[in-house]
Amino acid sequence: MAQEKVALVTGAGSGIGRASAIALAKDGYVIGALGHTADELEKLVADIEKDGGEAVVLVADVADEAAMDEAVTRLAEKYGRLDVVVANAGINGVWAPIDDLKPEEWDKTMTVNLRGTYMTLHKTVPHLKAAGGGSIVIISSINGTRTFTSPGATAYSATKAGQLAMAQQLALELGQYKIRVNAICPGAIETKIDDNTDIRSSHETEIPVEWPEGDIPITGGEAGLSEDVADLVVFLASDKSRHITGTPVWIDGGQGLLR
C-alpha cells in the first residue's frame, strides 16, 4: 500500500476538483478527497471505488488549521506517503464596486482562496519532502493573471493573482526538494462555482466591449468542461511534466486572448 502514489485534492466534491480526483484515480493514484460537504465526497469516493480505484473522504475547511492538520495527517498516516497536491478549493465570492464591497466580503474571499491555499501547502509540503519530491498544482484563473474584465471581481482577481505568485515563489523554494509547483488558470468552465458568486451593481464596474462572434474561439463560445482541466492536472502531476515548474498554464480555449 505504501508504494502507491497518493494525491490530495481539495474542493473535491464538485466541478474541477471532482473531475481531477476521478482522472487521477484512473491514472493510478490513491485519492484523498477533501472538502466540506460530506455527501458529495462520499459519492465521489463511491464512484472512484466502483471504477476500481481507492479514495478516502476527508471533511475539512481548507482555511481551518486544526481541521487541515487532522485531514492531511490522516491521509499520510493511512497510506504512508503523499505525492501530489491539487489546491483547488475556492469561491468566487462577492463581485461589487470597490466602494460597495464590504470588508467582511473581501475577507471571506481572501480566507478561502488565499489562506486556504496557504494552509493546504503548509500542511502538505512536509509530506512531499518526506516522499522525496512531488507535484503541487494550484487552480488559479484567467482572472487576475490574464484578464481583468469581470465586473467587480477585485477580491477574486487579487486572490487568483496571489495564487500564481505563490506558485512561482514556491517553485524556486521547493525545487531543491524535487517538488514542482504549477498554476492552472482556467477560463469559463462548466462548474457550480457560480452558485457562490454574488454580483452587485455590475453596471458600475463593467466596461462595454465589442467582442468577436464566439466568446471562446476554439469552442464557438461554449464553456470548457471540468474534464478538460482534469486532463491538465493529470499531466502536471505526472513525470511527463518533470521539467515544468513555476508555470501558469491558461486553459481557456483562447478566451483570454480576446480580452
Side-chain angles (χ1 to χ4, degrees), residues 1-62 64 66-90 116-117 119-139 174 177-182 184 189 191-192 225-242:
M1 183 68 66
Q3 298 307 308
E4 293 183 276
K5 287 197 172 183
V6 180
L8 173 70
V9 181
T10 71
S14 64
I16 290 170
R18 175 182 170 82
S20 297
I22 290 171
L24 286 166
K26 288 179 178 177
D27 206 47
Y29 293 86
V30 173
I31 304 299
L34 190 146
H36 56 75
T37 308
D39 58 343
E40 288 184 344
L41 298 175
E42 288 164 2
K43 185 178 185 306
L44 167 65
V45 169
D47 288 343
I48 288 174
E49 291 176 344
K50 185 170 61 178
D51 286 340
E54 185 170 357
V56 60
V57 170
L58 302 170
V59 178
D61 176 345
V62 289
D64 185 321
M68 287 299 289
D69 186 60
E70 181 180 353
V72 173
T73 299
R74 180 184 164 205
L75 179 66
E77 288 182 349
K78 182 176 177 64
Y79 295 107
R81 61 186 297 134
L82 182 61
D83 303 276
V84 171
V85 176
V86 182
N88 164 73
T117 300
M119 195 62 68
T120 299
L121 304 189
H122 177 62
K123 296 299 182 182
T124 57
V125 161
H127 298 286
L128 295 174
K129 288 179 177 178
S135 175
I136 294 170
V137 182
I138 298 173
I139 306 299
L174 299 177
Y177 302 104
K178 308 302 180 187
I179 299 170
R180 297 181 297 104
V181 191
N182 292 290
I184 293 178
I189 302 293
T191 71
K192 294 181 180 178
L225 302 176
S226 296
E227 289 76 11
D228 297 330
V229 182
D231 286 344
L232 180 55
V233 169
V234 172
F235 170 69
L236 290 175
S238 76
D239 289 340
K240 291 181 180 179
S241 60
R242 58 190 172 274

Any idea which heavy atoms bring [X] and [Y] closest together, and the distance?
X      : Y      : answer
Asp51  : Lys26  : OD2-CE, 4.2 Å
Val30  : Tyr79  : CG1-CZ, 3.4 Å
Val45  : Ala33  : CG2-CB, 4.4 Å
Ser226 : Gly15  : OG-C, 3.4 Å
Ser241 : Phe235 : OG-O, 2.8 Å
Val62  : Ala89  : CG1-CB, 3.9 Å

*Below 4.5 Å, heavy atoms only, C-beta onward: do Leu34 and Met68 meet side chain to side chain?*
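Side chain of Leu34 against side chain of Met68, heavy atoms only: contact under 4.5 Å found.
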
*asked:* Against Tyr29, only a single residue in Val84, Leu8, Ile48, Val9 fulfils side chain to side chain contact (heavy atoms under 4.5 Å, CB included); can you say which?
replied: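 Single side chain to side chain contact (heavy atoms under 4.5 Å, CB included) partner of Tyr29 among Val84, Leu8, Ile48, Val9: Val84.
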
*Gap separating the CG atom of Leu82 from the NZ atom of Lys129, nearest 0.5 angstrom*: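 The NZ atom of Lys129 is 13.5 Å from CG of Leu82, to the nearest 0.5 Å.
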
*About how many Å separate CD of Glu49 and CG of Leu44, when rounded to the nearest 0.5 Å?*
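Result: 9.5 Å between the selected atoms.
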
_Under a 4.0 Å threshold between the charged nitrogen and the carboxylate oxygen, would Asp47 count as salt-bridged to Lys43?_
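Looking at Lys43 and Asp47, the cut-off is met.
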
*Partner residues of His36 under the ring-ring contact (aromatic ring centres under 6.0 Å, His included) criterion, sequence neighbours left out*: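 Once residues adjacent in sequence are excluded, His36 has no partner under the ring-ring contact (aromatic ring centres under 6.0 Å, His included) criterion.
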
